[in-house]
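Right, one structure below, let's go through it.
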Amino acid sequence: MPRPIRAHIDQNALANNLYIARRATRSRIMAAIKGDAYGHGLLRAAEALADADGFALLDIRDAVRLREAGYAQTILLLEGCFQADDLKLAAEYDLSCVIHSAWQVAMLDAYPRRAAFDVWLKVNTGMNRLGWAPAAVSTAMEQLRAHQAVRGITLMTHFACADEARGVAGQLERFNTLAAAYRVPRSSANSAALLRYPDTHGDWVRPGIMLYGASPFIDTSARQLGLRPAMTLHSEIIAIQELKAGDGVGYGALFRADRDMRIGIVACGYADGYPRHAPNGTPILVDGQLAQTVGRVSMDMLSVDLGNLMHATVGSRVVLWGDGMPVDTVARAAGTISYELLCGLTKRVPVYL
Ligand SMILES: *Cc1c(COP(=O)(O)O)cnc(C)c1O
């Protein structure tokens with residue numbers, strides 16, 4: 001028998017979450033499926049999200065795979081092309097390309113075919129990661145409009161604080177001011193903006209995390225938003241230890257029993273993608289009951305306090321996150337965000353639908 005750890009991908013949950021996005025907007029929906037669809041598997045996720053109007057990702061090989069699987073929607077390369085060879089593929093597979101820097105326009109200049117690309121001109125309105133400075137947008141726009149290789153142009157930006165109190169106001173105003181000069185489609189909203197700021201929606205929204213059933217907000221749960229977890233990471237207890245007061249658990253004896261205790265050893269560790277920094281007390285489900293981790297997470301195992309779970313034993317089912325244990329809750333306990341946990345699922349974990 002292989003180790004009992006598994007990840008269940010619930011395609012109905014993905015479809016449900018897309019529907020929640022659909023209900024929240026009249027704009028076209030571009031599903032963000034970068035990072036192997038946030039760890040859910042590119043084609044597995046795409047199949048469940050097939051009603052999306054477009055897909056956004058980074059790796060051109062994934063984009064080609066998606067096109068070859070028969071998806072006819074817009075497929076956007078979120079960082080555009082990295083080298084001239086990519087342009088050939090992008091044209092051949094009708095991939096839309098972000099243009100965030102002058103070097104990408106220069107690369108385009110050398111491309112021989114006419115009207116080969118839909119491009120998304122990315123404006124830096126305050127994230128300061130990718131995109132043209134507002135003052136440079138008109139020049140870039142003129143270059144692209146006149147460019148022989150360019151077909152359509154969409155204007156896009158990305159928000160830094162859509163999920164927090166600071167919100168989107170400054171960035172949105174800068175974006176709208178710029179966009180007002182052109183009659184082109186606009187796109188700015190990630191999940192947080194899609195759910196909280198309807199005036200950001202424009203022509204295309206770009207939800208990611210919400211589609212996977214996690215909340216973009218610290219103060220509102222996925223459940224409150226009507227979202228269902230798409231990934232459930234589960235395993236089993238493979239051993240029981242009876243501790244005496246004073247006994248330590250795991251590497252560095254990070255946890256020490258202050259009384260006699262019964263703990264379960266779970267077949268899941270950081271080599272599966274469980275966060276090593278999850279502290280004592282990180283919530284976890286055992287036989288559907290809330291329990292807490294104890295001791296340091298090791299490569300292949302972690303430990304759980306079975307104090308209140310009289311019936312838990314070898315073979316008891318453990319849910320690390322997903323159905324019944326929000327990934328947001330585990331992420332917060334471990335000092336990270338759901339995105340990192342979902343993307344961090346490692347390939348040794350068997351996945352099933
Ligand atoms: C990842 C990404 C999104 C989706 O963000 P979520 O917070 O997961 O909704 C949208 N736009 C861009 C440019 C992205 O890189």
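Counting begins at 1 with the first residue of the sequence. Atoms within each ligand, like the ligands themselves, are counted from 1 in listed order.
Close N/O approach between S191 and ligand 1 is found [any backbone or side-chain N/O within under 3.5 Å]. Note: an N/O pair closer than 3.5 Å links G208 and ligand 1 by distance alone. Looking at I209 next to ligand 1, an N or O pair under 3.5 Å apart turns up.
The contact set between ligand 1 and L78, taken as ligand atoms under 4.0 Å from a residue heavy atom, comprises 13 (C), 15 (O).
Taking the six-membered ring for Trp, Y111 and F117 have ring centres closer than 6.0 Å.
The only member of R26, R206, R22, R28 that meets salt bridge (Lys or Arg N to Asp or Glu O under 4.0 Å) when paired with D53 is R22.
Ring geometry for W204 against W120 counts as tilted: the plane angle lies between 30° and 60°, on a 0 to 90° scale. In this pair, F55 and Y71 present their aromatic rings perpendicular. The plane angle is above 60°, beyond the 30 to 60° band.
In terms of protein heavy-atom proximity, atom 4 (C) of ligand 1 is closest to R206 O, 3.3 Å. Nearest protein heavy-atom contact of atom 12 (C) of ligand 1 is H158 CE1, 3.3 Å. For atom 7 (O) of ligand 1, the closest non-hydrogen atom of the protein is Y339 OH, 2.7 Å. From the protein, the heavy atom lying nearest to atom 1 (C) of ligand 1 is K34 NZ, 1.4 Å. Regarding atom 8 (O) of ligand 1, its nearest protein heavy-atom neighbour is Y38 OH, 2.6 Å.
Note that the CG atom of L78 and the CE atom of M30 stand 8.0 Å from one another [nearest 0.5 Å].
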